[in-house]
A.B. asks: 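The structure's right below; bear with me while I get my questions together.
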Protein chains: 4
Amino acid sequence: MAHIRTRRPTGSRRSRAAGVLAPRKEPSQDRARHTVEAILQAAAAVLAQGGYDKASTNRIAEAAGVSIGSLYQYFPSKEAVVKALVERHEQRMLGVMRAHLSDVASQDIPTIVRALIDGLLDAHRVDPRLQKVLLEHSGGHTSSSIDDAVESLVRTAMETKKAELDVADLDAAAFILVTSVRTVCHRAAVERPDLLARSTFVDELNALVVRYVLRTTPSPKRPSRRR
Amino acid sequence: MAHIRTRRPTGSRRSRAAGVLAPRKEPSQDRARHTVEAILQAAAAVLAQGGYDKASTNRIAEAAGVSIGSLYQYFPSKEAVVKALVERHEQRMLGVMRAHLSDVASQDIPTIVRALIDGLLDAHRVDPRLQKVLLEHSGGHTSSSIDDAVESLVRTAMETKKAELDVADLDAAAFILVTSVRTVCHRAAVERPDLLARSTFVDELNALVVRYVLRTTPSPKRPSRRR
Amino acid sequence: MAHIRTRRPTGSRRSRAAGVLAPRKEPSQDRARHTVEAILQAAAAVLAQGGYDKASTNRIAEAAGVSIGSLYQYFPSKEAVVKALVERHEQRMLGVMRAHLSDVASQDIPTIVRALIDGLLDAHRVDPRLQKVLLEHSGGHTSSSIDDAVESLVRTAMETKKAELDVADLDAAAFILVTSVRTVCHRAAVERPDLLARSTFVDELNALVVRYVLRTTPSPKRPSRRR
Amino acid sequence: MAHIRTRRPTGSRRSRAAGVLAPRKEPSQDRARHTVEAILQAAAAVLAQGGYDKASTNRIAEAAGVSIGSLYQYFPSKEAVVKALVERHEQRMLGVMRAHLSDVASQDIPTIVRALIDGLLDAHRVDPRLQKVLLEHSGGHTSSSIDDAVESLVRTAMETKKAELDVADLDAAAFILVTSVRTVCHRAAVERPDLLARSTFVDELNALVVRYVLRTTPSPKRPSRRR
DNA sequence: TATGAATGAGGTTTCATTCAT
DNA sequence: CATGAATGAAACCTCATTCAT
């Protein structure tokens, strides 16, 4: 239901049909690909630096070193630029997840969890200011297509290991885990760099997940507790 | 033909110094208090309905049934209105927390956790769309004074019960718990009303917290596991 | 429901740092040069007609037949437009001065003075209403770079002729002369067209200057006095 | 020709009849006189500090410690406040002039001129910033009733001493002298405090006037010239 | 195709003035 | 009388978008 207030000098409003946010044309030549890449990188920089509102298409075009006309040749609107950035980011995140969840069968749960969290934290250490802006605005537009994807990934993984787990409502658990871990990583990156640096922080986050899902709670890093 | 209606001739742009977001003046008459209240309620409605960007001061004033001048008599900017709303909301949240954590000593941990989560979920059930907007924008400006407050509340509570807990880094744990629970409640309220309705969802969230902090993991609601 | 048309969300008010009044960008295409010229001419007309306060950027743009956006593409503020006008005017004035003072060595003082005053009066006969507005507002902002320039021009000229003059404090004299003659010409043009028309008025103004600076006071036009 | 754009919440414009700028009611009680005085002093301070445009009636009332309603009880508009200030200032100036020109017969011209200039300079040393604002804005509205008064004062004085003078066009001379001396004093006070401090500056200004009007030019302070 | 000049709706904010209390 | 809450026209300025070159 995104309301895209496209202003134009004269005339009618762009119709609200689906597909309005798709890139306007696939860049087929090298120069064009380069232009699109420059625009996206400039958009990332401008968004990271000033936030969504301060990032105007004119500023982005200028930062990219292309004319505003060129920007509109490849993106039909400002939102489309942001959307392309969001998608790129989501694909990267999804890649991290998929890579770590692909061989679920061959590893024990604490190992998987730790690898996942490490991957996520690393991913969040890259330009957290941009991530923040993207997150807020992807939240604004869609119900986060990627979240659904990640959730079902996690859900599937949990089903695979069901025997070892102690989780009654897999849907709820997937939602809770994905939301918690993603936000904790995000907020830590944005607001608490001091925490990110502590190794105990990662330990605690691991503990949160592992103790929650595991039938017994061996908590490998706290042997004292095991007795 | 001298014209009197002069305007900002030289260097009078408001600078972003501290205090710029503070309300402009306290309403002293009853009528004024009523106006301020109307503005805040209208702002809540407009923000909830259209999001931050679509909420213009003109729209807010109109929705409040007051003139735009009245709005600017009490708030120096659009941001100041939002800030006032955020603060009000935060105070309410904090109230819920404090009430539930006041008699920490007299109750066992699972009870406290459940009460807290129930409280938070209740709080989030009120106008989730508004909460969403406020959250995004309070996150935008400050490191959310309230988050700090809640975190230290939780940290203090955990210290009181330290003997029963198995947490190495209390700071990290408080950050992780507050972030996780708050966001899970929030996202559930905004994006997954279906989950909110299931009792198992609350159970799972409880499990997340309780299993994490408790030395042993009795998980009262899953007696089968205890044997 | 995200709304795209965002606006200055946080701390983006233009600060009054140096350079804020400089034109925003040099027009590079012919069309743009034409636009800028139209804006300046319209500004002159509007200022002359209604004074500074009544001259709004919207009115100027409208009078120029361009959109308000075009105005702001080339000038960052109303003040910048006025400043550009002032500078243009000052350059013209300075040109008149320089032309008349260039061959100081080859002429006698009364001749030079008369030429200067005639030049100034001519310059002031052009659109006196505009001059008035510009003068008031250039006085408002800077110590009028042009006044300094004219003063040092006059000072230098006086030094060249020092032997023939009877002036103790050259700085003070230059200030006094420039201020007096400029203002007398100006006020006469604006408020006393009747005086401007009389030849005796120019004679008196000449007498003021010549008698002041000359060692003896030959006052060529009043031979009776010489005896 | 002053166009007074009086905005009001609803309804019609105030008619442009003469007398609109007269104070609304004569303060008859002591308290009221005090209020009026406070408003005028506050207006002076605010005008001096921020210039005409930045001086709003609300700011003036606040600075005066009275409510905006009280201001409008005694002055029908912002312009009326400024006008009252201008008139007060002009009366003072006129007083200086009159005092010094009253006994023209009993003194010689250089003495009179010197006294007048000293008086004017003193008058201008008081709050030059305010004077500047008042001058610009009295110039804006009226053709300066006081200038006419001073001019005819000077003209009359010159007629009295006609035998000793060498001035052909008394009208022009009065205009030139009043304009020159007033502006030189004014600009010196506002822009060149360094000049004001030099005794030679005053000497030069005296010389300007005395040499101009006097049949011979004895210039008492430059005996060297006299041989 | 790339450029950048032009557009103009509409956002934010101010302030002279009125009038109920 | 004094107060100060309320008004709203209108000023300044931005920025997404188009289109002539």
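Here the structure is a predicted model, which means the values were calculated and not measured. Naming convention: chains lettered A, B, ... in sequence-line order (proteins, then strands); numbering from 1 in each chain.
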A.B. asks: Please identify each residue that fulfils side-chain contact (heavy atoms from CB on, under 4.5 Å) with A:Ala61, with sequence neighbours left out.
C.D. replies: A:Val66, A:Ile68, A:Leu71

A.B. asks: Any side-chain N or O of B:Gln73 below 4.0 angstrom from OP1/OP2 of F:dG4?
C.D. replies: no

A.B. asks: Please give the stem ranges for DNA chain F, sorted by first residue number, where a stem is three or more consecutive Watson-Crick or G-U pairs and both donor-acceptor distances are under 3.5 Å.
C.D. replies: E:2-21 with F:2-21

A.B. asks: Which part of the nucleic acid, if any, lies within contact of A:Ser56, taking any heavy atom under 4.0 Å across all strands shown: a base, the sugar-phosphate backbone alone, or nothing?
C.D. replies: sugar-phosphate

A.B. asks: Should B:Ser77 be listed as having a side-chain N or O under 4.0 Å from OP1 or OP2 of E:dT12?
C.D. replies: no

A.B. asks: Less than 4.0 angstrom between a side-chain N/O of B:Tyr72 and OP1 or OP2 of E:dC15, yes or no?
C.D. replies: no

A.B. asks: Phosphate oxygens OP1/OP2 of F:dA2: is one of them under 4.0 Å from a side-chain N or O of D:Ser67?
C.D. replies: no

A.B. asks: Between A:Arg31 and E:dT1, does any side-chain N or O lie under 4.0 Å from OP1 or OP2?
C.D. replies: no

A.B. asks: Is the closest basic N to carboxylate O distance between A:Arg31 and A:Glu37 below 4.0 Å?
C.D. replies: no

A.B. asks: On the side chain of D:Asn58, is there an atom forming a donor-acceptor pair with the base of E:dA16 - under 3.5 Å, no angle test?
C.D. replies: yes

A.B. asks: Any side-chain N or O of A:Ser70 under 4.0 Å from OP1/OP2 of E:dT3?
C.D. replies: yes

A.B. asks: Return the 5'-most residue of the pair C:Ile68, D:Thr35 with respect to DNA chain F, ranking by each residue's nearest nucleotide.
C.D. replies: D:Thr35

A.B. asks: Considering residues at least two apart in sequence or located in another chain, which fulfil the side-chain contact (heavy atoms from CB on, under 4.5 Å) criterion with B:Ala38?
C.D. replies: B:Ala64

A.B. asks: Any heavy-atom pair between the side chains of C:Tyr74 and C:Val81 that's under 4.5 Å?
C.D. replies: no

A.B. asks: Within a 6.0 Å radius of atom CD on D:Gln49, are there more than 12 heavy atoms belonging to other residues, nucleotides or ligands?
C.D. replies: no

A.B. asks: B:Arg59 side chain to B:Lys54 main-chain N or O, any donor-acceptor pair under 3.5 Å?
C.D. replies: yes

